[in-house]
Amino acid sequence: MLPRVALETTVLSHGLPWPANRDLGRSAEARVREEGGEPCTIGIVDGQLRAACSQAELERFCREEGVEKVSLRNLPVVMARGGMGATTVAATIHLAHQAGIRVMATGGIGGIHRDAAGKPTPDESADLTELGRCPVTVVCAGPKAILHLEATRERLETMGVTLLGWQTDFMPAFYCGSSPHRVDARCDTIEEVVDIVRQRDALDMPAAILLTAAVPPAWALPFDAVEETIGRALSDPAASKLLPHEVTPYLLSAVRDTLGERALQANVALLEQNASLAARLAVALER
Ligand code: PSU
Ligand code: MN
């Protein structure tokens, strides 16, 4: 069996618009194969767990109305009721770990949200808690730029999540290249990452390792423009009417509406890059 890499479906159903979501679903899988891995796009199809979606199933996640965003709280409900469920990072790593898959790739992880005044809110992603108790390695571009980055970074520390920077000393912030927050360790080679993953496993430590890679510089969005857009979207009366799980898709689409194609391209570029890096790691871990 080739080294497997888990990919999520929330980014397809709720993170990206059609047809960019379908193209990304395919290209991320292609990136994994190019590096010698086997892509496993995880989701719930008509109540059944799919540890690796077919192309037709992947397209259903991209096109169908009413695909539920599935985190831990509603995972058993959607399965019991036969629904379509697009899995977030939290649900994806839970299911991947159960299936023996050790590496996952995504764009940005969820974290602690902020209000229009920039203060942390009670809306905290279950991504954080599940990262604290699921010993996989997640390749991402850091927490999403829409979050309270300092509170999120502190919480990762509290959860015992090891934060690695891929060729960087500072935690990336999704489509913005970098945040002012330091990672726990910088890794310049895959072998360094492998050594750290092996130590975590040998010590039987419960938490995930986050390998964070900055968006390729050519695609990075200007920090100030992104911040201004997020600030405006959070102050909009529409924001106060959202259910908590609707906040992330709302903010991501607000950034796309203002910054246009560039925001979409940046998101896709970092997702594809992370899929490649995750596959390199999965292959190296099997050696
Ligand atoms: N990465 C992206 N776009 C996304 C996500 C990740 O580039 O939409 C998804 C992931 O599934 C992550 C979720 O788990 O956003 C976080 O949602 P929330 O803040 O509601 O927990
Ligand atoms: Mn939330």
Side-chain angles (χ1 to χ4, degrees), residues 6-18 20-21 23-25 27-28 41-44 61-62 67-75 85-96 104-115 120-132 134 136 138-149 151-152 155-156 161 172-176 208 210 212-216 219-221 226 230 233-234 239 242-256 263-275 278:
L7 301 167
E8 55 147 310
T9 36
T10 288
V11 65
L12 303 179
S13 299
H14 302 280
L16 297 170
W18 175 265
N21 51 0
D23 296 344
L24 179 274
S27 63
T41 301
I42 292 180
I44 308 300
F61 283 105
C62 296
V67 177
E68 204 166 321
K69 180 174 162 185
V70 168
S71 188
L72 299 174
R73 63 182 175 87
N74 55 346
L75 176 60
T87 52
T88 61
V89 171
T92 304
I93 59 176
H94 182 85
L95 297 169
M104 180 207 173
T106 185
I109 58 161
I112 300 177
H113 283 264
R114 51 172 143 140
D115 61 20
T121 75
D123 181 1
E124 301 191 10
S125 177
D127 289 0
L128 291 177
T129 40
E130 193 58 19
L131 285 165
C134 205
V136 295
V138 176
V139 181
C140 66
K144 281 198 264 283
I146 57 172
L147 300 166
H148 195 293
L149 293 181
T152 301
R155 182 60 53 80
L156 287 169
V161 174
F174 198 51
Y175 27 51
C176 301
L210 268 192
T212 59
V215 57
W219 301 112
L221 300 183
V226 171
I230 295 165
L234 286 170
L242 297 172
L243 293 169
H245 71 273
E246 294 170 338
V247 172
T248 296
Y250 164 76
L251 291 174
L252 291 178
S253 81
V255 174
R256 273 201 307 272
L264 184 57
Q265 286 164 347
N267 200 347
V268 167
L270 63 88
L271 281 156
E272 291 179 343
Q273 169 179 266
N274 294 344

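One-based numbering, in listed order, for ligands and for the atoms of each.
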*asked:* Pair Ile93, Leu131 - check side-chain contact (heavy atoms from CB on, under 4.5 Å), show working.
replied: CA-CA 8 Å; Ile93 59 176; Leu131 285 165; 3.8 Å; yes
*Start with the C-alpha distance between Thr106 and Glu8, add both sets of side-chain angles, then the distance that settles side-chain hydrogen bond (donor to acceptor under 3.5 Å, both in side chains), and finish with yes or no.*
CA-CA 7 Å; Thr106 185; Glu8 55 147 310; 2.4 Å; yes
*Worked verdict on Asn267 versus Leu16 for side-chain contact (heavy atoms from CB on, under 4.5 Å)*: CA-CA 9 Å; Asn267 200 347; Leu16 297 170; 3.7 Å; yes
*Any chance you could lay out the side-chain contact (heavy atoms from CB on, under 4.5 Å) test for His245 and Arg73, step after step, and finish with the verdict?*
CA-CA 11 Å; His245 71 273; Arg73 63 182 175 87; 3.8 Å; yes
*Between Trp219 and Leu270, is a side-chain contact (heavy atoms from CB on, under 4.5 Å) present by the stated rule, with each step listed?*
CA-CA 9 Å; Trp219 301 112; Leu270 63 88; over 6 Å; no
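Of the protein's heavy atoms, Lys69 NZ, 2.6 Å lies nearest to atom 20 (O) of ligand 1. In this structure, atom 1 (N) of ligand 1 lies nearest to the protein heavy atom Gly108 N, 3.1 Å. Taking atom 3 (N) of ligand 1 as the reference point, the nearest protein heavy-atom neighbour is Val11 CG2, 3.5 Å. Distance from atom 11 (O) of ligand 1 to its nearest protein heavy atom, with residue and atom name: Glu8 OE1, 2.6 Å.
The side chain of Thr248, and not its backbone, has at least one atom closer than 4.0 Å to an atom of ligand 1 (non-hydrogen atoms only; side chain from C-beta on). Proximity of Val247 to ligand 1, defined as any heavy-atom pair under 4.0 Å, is not found for any part of the residue.
Not one N or O of Leu270 is nearer than 3.5 Å to an N or O of ligand 1, by distance alone. Looking at Gly111 next to ligand 1, no N or O pair under 3.5 Å apart turns up. At least one N/O-N/O distance between Asn267 and ligand 1 falls below 3.5 Å. Checked against a 3.5 angstrom limit, the closest N/O atoms of Thr87 and ligand 1 fall outside it. Here's the thing with His14: none of its N/O atoms is less than 3.5 angstrom from an N/O atom of ligand 1.
Set against the non-hydrogen atoms of Thr88, the atoms of ligand 1 under 4.0 Å away are 11 (O), 14 (O). Near Ser125, the atoms of ligand 1 lying under 4.0 angstrom from a non-hydrogen atom of the residue are 18 (P), 21 (O). Residue contact check: Gly15 has heavy atoms under 4.0 Å from atoms 8 (O) of ligand 1. Near Thr106, the atoms of ligand 1 lying under 4.0 angstrom from a non-hydrogen atom of the residue are 1 (N), 6 (C). Close approach of ligand 1 to His113 is summarised as follows: ligand atoms under 4.0 Å from at least one heavy atom of the residue are 19 (O). The contact set between ligand 1 and Lys144, taken as ligand atoms under 4.0 Å from a residue heavy atom, comprises 1 (N), 4 (C), 5 (C), 6 (C), 9 (C), 10 (C), 12 (C), 13 (C), 15 (O), 16 (C). Under a 4.0 Å criterion applied to the non-hydrogen atoms of Asp127, ligand 1 contributes the atoms 12 (C), 14 (O), 16 (C).
Donor-acceptor pairing under 3.5 Å is lacking for the side chains of Thr10 and Thr88.
A distance-only check finds a donor-acceptor pair linking the side chain of His14 to the backbone of Val67 [under 3.5 Å]. Side chain of Asn74 to backbone of Ser71: a donor-acceptor contact under 3.5 angstrom is found. Formation of a donor-acceptor pair under 3.5 Å by the Thr87 side chain with backbone atoms of Ile42 is found in this model.
The two residues Tyr175 and Ala263 have their closest heavy-atom pair at CD2-O, 3.9 Å. Nearest heavy atom pair, residue Ala145 against residue Cys176, reads CB-SG, 4.4 Å.
Partner Asp127 forms a side-chain contact (heavy atoms from CB on, under 4.5 Å) with one of Val89, Thr152, Leu72 and no other, that one being Val89.
Not a single N, O or S atom of Glu124, from either the backbone or the side chain, sits less than 2.8 Å from the Mn ion (ligand 2).
Nearest to the Mn ion (ligand 2), among the N, O or S atoms that Asp123 has, is OD1.
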